[in-house]
Asker: 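Below: one structure in structure tokens.
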Amino acid sequence: MGRTVRLQFYGRLRDAAGAPMRESIVPDVVRTAEDLIAWIARDDAMLGEALVMPSVKIAAGDAIIPRDADIRQAAEIAFLPPFSGG
Amino acid sequence: MTRPDIRILPWPFDPEAEARALRSACSAAGAIVTFIGQARDEGDPSLQLILESCPGLTEKEIEGFAENAFRRWPLEALVIRHRIGAMAPGEPIVFVGAASAHRRAAFESVDFIMDYLKSAAPFWKRECRAQGDRWIEPRVEDHQDLKRWQALP
């Protein structure tokens, strides 16, 4: 069993992921954002390495969440590299 | 409380027109400070700056710190414009304008908003040249600038 989650990659993480978005069937064992990164890293070690960096922020819907937040209800998770505006 | 006026724009905007509109809307304010950030012209005609945002989240995060500015300073108005998309050298990227009864609040709030826009708002910046592209990461100074405000109550 699992759930469909839309993963979004912004900035240089899009280059690391090879696409701005992917839809994944995430297994139920993935409870937190941290778990999700570990799960992604099993298939894509390079991307996992980029996502595990503490400078990468994680958003569920339109809110930035901590890495240990429960994401079981989130249909959309975005990975955000360091911000650079202005 | 007056609300901040925030727009993320995928097309070019006229910062001087924004400044004029702010001034005519705030004739009771004694002080108006405006800031314009523009894409540097380094003499490379192939150079393009590409800015991206995270629609929804970017607006929400900027609203959060703009409301914080209203709590910290007695502002009559706060206007924020930020470009996204591809920009040529010399094009405006950002406009911040604040109106207040006195100058200090106007100066400080614009400085505060700019520090947040530089390294705490979800934007990503890429430089594209004929030789190739590169992502622009925030500088150490940008993070230090932001800390100035976080150290205060």
Asker: For A:Arg22, does the CZ atom sit with more than 12 other heavy atoms under 6.0 Å from it, leaving out its own atoms?
Answerer: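 Enclosed: over 12 neighbouring heavy atoms sit under 6.0 Å from CZ of A:Arg22.
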
Asker: Can you confirm whether A:Arg67 is buried at CZ, in the sense that more than 12 heavy atoms of other residues, nucleotides or ligands lie under 6.0 Å from that atom?
Answerer: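 For A:Arg67, atom CZ is crowded (more than 12 foreign heavy atoms under 6.0 Å).
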
Asker: What part of B:Thr58 gets within 4.5 angstrom of chain A, counting heavy atoms only: side chain, backbone, both, or neither?
Answerer: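 Neither part, no heavy atoms under 4.5 Å.
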
Asker: Is it the side chain or the backbone of B:Ile136 that comes within 4.5 Å of chain A heavy atoms, both, or neither?
Answerer: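 Both parts, backbone and side chain.
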
Asker: Check this for me: A:Met46, atom CE, are more than 12 non-hydrogen atoms of other residues, nucleotides or ligands nearer than 6.0 Å?
Answerer: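 It does not: A:Met46 CE has 12 such atoms or fewer within range.
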
Asker: Tell me, out of B:Asp142, B:Val94, B:Val96, B:Leu117, who's got the most heavy-atom pairs with chain A below 4.5 Å.
Answerer: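 The answer is B:Leu117.
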
Asker: Please name the pair of heavy atoms, one in A:Pro81 and one in B:Trp124, separated by the smallest distance, quoted to 0.1 Å.
Answerer: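 Nearest heavy atoms, A:Pro81 then B:Trp124: O-NE1, 2.9 Å.
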
Asker: Near A:Glu49 CD, under 6.0 Å, is it more than 12 heavy atoms from other residues, nucleotides or ligands?
Answerer: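 Atom CD in A:Glu49 is not crowded, with 12 or fewer foreign heavy atoms closer than 6.0 Å.
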
Asker: Is the number of heavy atoms from other residues, nucleotides or ligands within 6.0 Å of NZ (B:Lys125) greater than 12?
Answerer: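 Yes, NZ of B:Lys125 has more than 12 neighbouring heavy atoms, counting only those of other groups under 6.0 Å.
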
Asker: Do the side chains of B:Leu51 and B:Leu57 join up, straight or via other hydrophobic residues, at under 4.5 Å, putting them in one cluster?
Answerer: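 Unlinked, B:Leu51 and B:Leu57 end up in two clusters.
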
Asker: What heavy-atom pair brings B:Ile93 and A:Gly86 nearest, and what distance separates the two atoms?
Answerer: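 Minimum heavy-atom contact is CG2-C, 3.8 Å.
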
Asker: For a quick test of reading the model, state the closest non-hydrogen atom pair linking B:Lys60 to A:Asp62 and the distance between them.
Answerer: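 Scanning both residues, the minimum pair turns out to be NZ-O, 2.8 Å.
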
Asker: Look at B:Arg83, B:Glu137, B:Arg126 and state which one has the largest set of heavy-atom pairs under 4.5 Å with chain A.
Answerer: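 Of the candidates given, the most pairs with chain A belong to B:Glu137.
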
Asker: Find the distance between CD (B:Glu61) and CZ (A:Phe83) and round it off to the nearest 0.5 Å.
Answerer: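 If we round to the nearest 0.5 Å, B:Glu61:CD and A:Phe83:CZ are 6.5 Å apart.
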
